[in-house]
Amino acid sequence: MARTRFAPSPTGYLHIGGVRTALFNWLFARQQGGKFLLRIDDTDAQRNVEEALAPILHGLKWVGLTWDEGPEVDGPHGPYYQSQKNARYQEAVRTLLDRGLAYWDYATPEETKAERDAADREKRQFVYSRRWMAKTPPERARFEAEGRQAVVRLEMPRTGKCEFRDHIRGDVSFDWAREQDHVIQRVDGTCLYHLANVVDDFDMKITHVIRAEEHLSNTPRQIFMIDGLGYSRPEYAHLPFVAEPGSQNKLSKRKIPQYLKNPAFKRLYDHGKSIADRMGLQTSADTFNPVIVDFYEQVGYLADAVVNYLLLLGWAYDDRREEFTRQEMIDLFTLERVNKAPASFDPDKLWAFQDRAMRKVPVPEKVAKCLPFLQRAGLVPEPAPDAIRDRLARIIEAARDRSSSSGCASRRRPARCCRSSASASPTPRSSMRRPSTS
RNA sequence: GGCCCCGUCGUCUAGAGGCCCAGGACACAGCCCUUUCAAGGCUGCGACACGGGUUCGAAUCCCGUCGGGGUCACCA
């Protein structure tokens with residue numbers, strides 16, 4: 001049975017690219033009749049894991065990517081937080097040590113850095129001298145007598161190649177000699193990401209590792225541990241990045257000012273901001289940001305439209321079909337059809353999906369969807385009187401095409417939207433605009 | 001810089017040697033429909049990074065170049 005996972009670290013927000021990674025994992029698991037798990041990669045002990053995790057769980061729920069095992073639902077292969085598994089990781093480290101695949105290293109960070117710098121200066125590849133390597137108790141005792149403390153490093157091969165198959169990239173190979181003796185356990189005994197990752201994937205019986213391309217070059221060291229620990233290798237699929245509008249750079253939540261120079265991105269942002277302002281929402285870049293999924297929920301997008309758009313970022317079914325229901329996505333998705341090149345985020349196209357999807361929403365549902373927005377904006381009293389509901393329904397009914405097309409593709413549309421959502425008078429006109437985007 | 005990955009219209013993509021002087025979608029322009037604005041319909045603009053091969057034939061295979069990205073932590 002296929003088991004996939006999405007393993008975010010608790011950063012306090014859910015990146016749109018992360019949603020896509022989660023989506024692909026979810027689709028694959030659902031299609032195979034397998035399980036989709038959520039695991040929290042918090043080996044780097046943080047104080048407010050709970051607080052930093054909440055937005056991520058919330059975002060996944062909003063887009064409907066439910067997990068079968070993980071936080072809140074738990075499961076038979078927990079815990080699903082890496083911070084709770086250090087003993088288990090140390091056990092794996094011991095195994096690697098026992099098998100001679102890892103060693104105690106007594107170099108200080110300064111000494112390691114000095115070697116690295118020297119290699120840099122001489123323009124050669126850095127290879128650790130293993131000068132402070134200790135593999136036997138006497139060696140350890142000697143270094144410890146000097147007052148040194150040890151980390152555990154992998155003793156990586158220095159010849160040969162690491163080869164593996166990737167569902168998206170085909171056969172990939174790396175020279176072992178390029179790999180470093182990576183640290184897997186810190187001086188304080190806590191373990192690092194790669195080790196934890198490998199152990200968890202094994203403990204959780206993950207069969208397919210579907211993750212972003214940035215992990216492609218991390219794969220050899222993980223495979224080294226997987227093989228060393230006697231685990232079986234999962235299948236891999238390294239997804240291309242979601243790139244910035246109009247470029248190949250990885251989309252980043254910190255570059256909003258730069259993205260705002262892109263007209264389409266600016267339209268997307270301004271439209272959202274005008275709605276947020278009208279409702280008195282906080283719009284600092286940390287929370288209100290089109291690179292973060294929350295943005296779309298706050299502004300009133302349809303989760304299905306966002307998901308449908310994201311599905312097409314790096315994946316296509318054929319040369320015609322672009323709209324899919326959840327079930328169709330599940331039935332039709334294949335890793336083999338995922339593109340290799342990075343896909344840049346196109347705000348206009350996202351908007352087109354939202355617009356089209358909105359037109360299909362029945363009036364009563366639209367009323368229900370936009371009511372909370374009108375209320376937050378102070379245009380409708382909190383328990384909405386029936387008279388207002390009726391009137392709202394009639395407004396939306398009467399203006400259906402218009403309101404659904406207020407999100408249409410014309411350049412002026414967003415501007416008009418903004419104007420109307422910002423307008424204070426609860427006239428039919430102004431109140432029917434917002435629904436169109438809610 | 002080393003290594004790895006990638007390279008079809010502005011953007012997302014279809015294309016697995018002849019069906020392609022390259023198809024669809026978004027955006028853009030124009031026309032039709034329409035009391036208006038939308039929606040819808042139609043038309044247009046617009047790409048195989050470059051150079052060599054292989055082949056009767058290449059976007060598709062091979063080599064090189066160029067370009068872009070990723071990665072090289074006691075981060076994840």
Side-chain angles (χ1 to χ4, degrees), chain A residues 7-11 40-44 46 82 105 107-109 112-113 116 119-120 123-127 149-153 162 166 168-170 172-180 182-194 196-197 211-221 238 240-250 262-264 267 309-323 336-337 339-353 355-356 359 399-413 416 429 436:
Chain A
S9 59
T11 51
I40 308 309
D41 282 11
D42 56 350
T43 48
D44 196 24
Q46 284 170 349
Q82 295 191 327
D105 181 48
T108 61
T112 308
K113 184 172 186 305
R116 215 180 285 276
D120 265 7
K123 291 198 165 121
R124 58 176 166 79
Q125 218 227 286
F126 166 67
V127 180
Q149 288 183 302
V151 296
V152 177
R153 284 181 188 276
C162 173
D166 185 283
I168 295 166
R169 281 150 224 288
V172 189
S173 99
F174 292 82
D175 285 332
W176 281 124
R178 304 280 165 193
E179 285 291 317
Q180 299 301 325
H182 306 282
V183 173
I184 53 177
Q185 186 179 103
R186 299 184 177 95
V187 162
D188 67 7
T190 58
C191 294
L192 265 5
Y193 171 75
H194 293 291
N197 199 275
R211 67 207 333 182
E213 187 192 322
E214 62 185 301
H215 289 292
L216 186 60
S217 49
N218 295 154
T219 307
R221 79 189 66 159
H238 287 93
F241 288 107
V242 172
E244 302 171 343
S247 107
Q248 304 286 83
N249 294 355
K250 193 163 117 185
N262 174 298
R267 256 174 268 146
Y309 171 69
L310 254 19
L311 171 71
L312 266 6
L313 224 42
W315 182 85
Y317 175 63
D318 62 12
D319 63 340
R320 242 137 258 267
R321 234 167 125 195
E322 293 206 320
E323 290 187 39
E336 280 63 32
R337 291 194 69 85
N339 252 295
K340 293 177 187 171
S344 85
F345 178 74
D346 181 352
D348 276 340
K349 189 144 181 171
L350 200 208
W351 183 248
F353 273 92
D355 185 35
R356 232 179 292 151
R359 257 177 259 141
R400 177 158 35 189
D401 336 353
R402 237 172 270 180
S403 81
S404 56
S405 68
S406 78
C408 92
S410 121
R411 226 158 218 240
R412 287 161 291 152
R413 177 195 355 96
R416 224 183 299 129
R429 265 196 167 280
S436 68

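So you know, we letter chains A, B, ... as the sequences are listed, proteins then strands, and number each from 1.
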Enquirer: So, OP1 or OP2 of B/U71: does either fall under 4.0 Å of a side-chain N or O from A/Arg221?
Expert: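 Result: no.
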Enquirer: Please state whether the phosphate of B/C3, meaning OP1 or OP2, lies under 4.0 angstrom from any side-chain nitrogen or oxygen of A/Ser217.
Expert: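 Indeed not, no polar side-chain atom of A/Ser217 lies that close.
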Enquirer: B/A73 phosphate, OP1 or OP2: any side-chain N/O from A/Arg116 under 4.0 angstrom?
Expert: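 It does, given that an N or O in the side chain of A/Arg116 lies less than 4.0 Å from OP1 or OP2 of B/A73.
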Enquirer: Measuring from atom CD of A/Glu323 to atom CZ of A/Phe353, what distance do you get when rounded to the nearest 0.5 angstrom?
Expert: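 Output value for this atom pair is 6.5 Å.
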Enquirer: Using a strict cut-off of less than 4.0 Å between a Lys/Arg side-chain nitrogen and an Asp/Glu carboxylate oxygen, indicate whether A/Asp120 and A/Arg116 qualify as a salt bridge.
Expert: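 Result for this pair is no, no salt bridge flagged.
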Enquirer: Got a second to check how far A/Gln185's CD is from A/Asp105's CG, nearest 0.5 Å?
Expert: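 Separation between the atoms: 12.5 Å.
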Enquirer: Given side-chain hydrogen bond (donor to acceptor under 3.5 Å, both in side chains), test A/His182 with A/Arg153 step by step and report yes or no.
Expert: CA-CA 5 Å; A/His182 306 282; A/Arg153 284 181 188 276; over 6 Å; no
Enquirer: Among the nucleotides B/A25, B/C4, B/C12, which one has an atom lying closest to any side-chain atom of A/Arg356?
Expert: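 The nucleotide sitting nearest to the side chain is B/A25.
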Enquirer: Take the protein atom NZ of A/Lys113 and the nucleotide atom P of B/A73, then report the distance between them rounded to whole Å.
Expert: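 After rounding, the gap between these two atoms is 12 Å.
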Enquirer: Who is the Watson-Crick or G-U wobble partner of B/U71, with both distances under 3.5 Å?
Expert: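 Base partner found: B/G2.
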Enquirer: With a non-hydrogen cut-off below 4.0 angstrom, is A/Ala107 in contact with a base, only sugar-phosphate, or nothing?
Expert: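 Counting heavy atoms under 4.0 Å across all strands, the contact made by A/Ala107 includes a base.
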Enquirer: Which one, B/C26, B/C6, B/U71, comes nearest to the side chain of A/Lys250?
Expert: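 From the listed options, B/U71 comes nearest.
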Enquirer: Contact class for A/Phe353 vs. all strands (heavy atom < 4.0 Å): base, sugar-phosphate, or nothing?
Expert: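 Contact class for A/Phe353: none.
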Enquirer: On RNA chain B, compare the nucleotides closest to A/Val151 and A/Leu313; which residue's is nearer the 5' end?
Expert: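 Of the two residues, A/Leu313 wins.
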Enquirer: If B/A25 has a Watson-Crick or G-U wobble mate with both distances under 3.5 Å, name it; if not, just say none.
Expert: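 Across all strands, the one nucleotide that pairs with B/A25 is B/U11.
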Enquirer: Can you tell me the Watson-Crick or wobble partner of B/C42, both distances under 3.5 angstrom?
Expert: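 By the stated definition (distances under 3.5 Å), B/G30 pairs with B/C42.
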Enquirer: Where the side chain of A/Arg359 is defined as all heavy atoms beyond and including C-beta, which of B/C6, B/A76, B/A39 is the nearest nucleotide?
Expert: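 Among B/C6, B/A76, B/A39, the one nearest the side chain of A/Arg359 is B/A39.
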Enquirer: Any side-chain N or O of A/Ser344 below 4.0 angstrom from OP1/OP2 of B/C12?
Expert: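 Result: yes.
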Enquirer: Starting at atom CG of A/Asn218, determine the distance to atom C1' of B/A73, rounded to an integer number of angstrom.
Expert: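 Checked: the CG to C1' distance equals 11 Å.
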Enquirer: In terms of side-chain heavy atoms of A/Lys349, which of B/G24, B/C5, B/G10 is nearest?
Expert: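 Nearest listed nucleotide: B/G24.
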Enquirer: According to side-chain contact (heavy atoms from CB on, under 4.5 Å), who are the partners of A/Thr190, at least two apart in sequence or on a separate chain?
Expert: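 Once residues adjacent in sequence are excluded, the partners of A/Thr190 under the side-chain contact (heavy atoms from CB on, under 4.5 Å) criterion are A/Asn86, A/Arg186, A/Asp188.
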Enquirer: Whole angstrom is fine here: how far is it from CD in A/Gln125 over to P in B/U71?
Expert: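 Spelled out: CD on A/Gln125 to P on B/U71 is 17 Å.
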Enquirer: Take A/Ile40 and A/Gln82 through the side chain to side chain contact (heavy atoms under 4.5 Å, CB included) test and state the conclusion after the steps.
Expert: CA-CA 6 Å; A/Ile40 308 309; A/Gln82 295 191 327; over 6 Å; no
Enquirer: Within the 4.0 Å heavy-atom criterion, would you say A/Phe174 contacts the bases, only the backbone, or no part of the nucleic acid?
Expert: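 Result for A/Phe174 = sugar-phosphate.
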Enquirer: Measure the distance from CG on A/Asp166 to C1' on B/C5 and round it to the nearest whole Å.
Expert: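 It is 10 Å, rounded to the nearest whole Å.
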Enquirer: Could you state the atom-to-atom distance from CG of A/Asp355 to C1' of B/G40 in whole Å?
Expert: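 Answer to the nearest Å: 13 Å.
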Enquirer: Taking any heavy-atom pair under 4.0 Å as a contact, classify A/Glu322: base, sugar-phosphate, or nothing.
Expert: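 Result for A/Glu322 = base.
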Enquirer: Could you tell me whether A/His238 contacts a base, only the sugar-phosphate backbone, or nothing, with contacts defined as non-hydrogen atoms closer than 4.0 Å?
Expert: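 Here A/His238 touches no strand at all.
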Enquirer: Of the options B/G24, B/C5, B/A76, whose atoms approach the side-chain atoms of A/Leu216 most closely?
Expert: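 The answer is B/C5, which lies nearest to the side chain.
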Enquirer: Go ahead and name the base partner of B/C61; Watson-Crick or wobble counts if both distances stay under 3.5 Å, otherwise write none.
Expert: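 Across any shown strand, B/C61 pairs with B/G53.
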Enquirer: Which pairs, protein N/O on one side and nucleotides 60-65 of chain B N/O on the other, fall under 3.5 Å?
Expert:
none

Enquirer: Of all the choices, B/A76, B/U11, B/C12, which nucleotide is nearest to the side chain of A/Leu312 once you look at every atom?
Expert: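 Of the candidates, B/C12 comes closest.
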Enquirer: Using heavy-atom distances to pick each residue's nearest nucleotide on RNA chain B, tell me which of A/His215 and A/Gly246 is more 5'.
Expert: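 Closer to the 5' end of RNA chain B: A/Gly246.
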Enquirer: Could you tell me whether A/Val183 contacts a base, only the sugar-phosphate backbone, or nothing, with contacts defined as non-hydrogen atoms closer than 4.0 Å?
Expert: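 Answer is sugar-phosphate: A/Val183 comes under 4.0 Å of backbone atoms only.
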Enquirer: Taking the side chain of A/Glu213 as heavy atoms from C-beta outward, which of B/C75, B/U71, B/G69 is closest to it?
Expert: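 Selected nucleotide (nearest to the side chain): B/G69.
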Enquirer: Identify which nucleotide among B/C6, B/A76, B/C26 has an atom closest to any side-chain atom of A/Lys340, counting heavy atoms from C-beta outward.
Expert: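 The answer is B/C6, which lies nearest to the side chain.
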Enquirer: Rounded to the nearest 0.5 Å, what's the gap from CZ on A/Arg337 to CG on A/Asp318? Could you check?
Expert: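 Here the interatomic distance stands at 7.0 Å.
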Enquirer: Would you say that more than 12 heavy atoms from the other residues, nucleotides or ligands in this model lie under 6.0 Å from the OH of A/Tyr317, or not?
Expert: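 No, the 6.0 Å shell around OH holds no more than 12 heavy atoms from other groups.
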Enquirer: Base, sugar-phosphate, or nothing: which does A/Thr190 touch, judged by heavy atoms less than 4.0 Å apart?
Expert: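 Answer is nothing: A/Thr190 stays at 4.0 Å or more from every strand.
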Enquirer: Donor-acceptor check, side chain of A/Asp348 to backbone of A/Ala264, threshold 3.5 angstrom: yes or no?
Expert: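 No; judged by distance alone, with no hydrogens or angles, the pair does not exist.
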Enquirer: Are there any protein N/O atoms within less than 3.5 Å of an N/O atom in nucleotides 14-17 of chain B, and if so, which ones and at what distance?
Expert:
from  : atom 1 : to       : atom 2 : distance (Å)
B/A14 : OP2    : A/Asn339 : ND2    : 3.4
B/A14 : O3'    : A/Arg337 : NH2    : 3.4
B/G15 : OP1    : A/Arg337 : NH1    : 3.2
B/G15 : OP1    : A/Arg337 : NH2    : 3.2

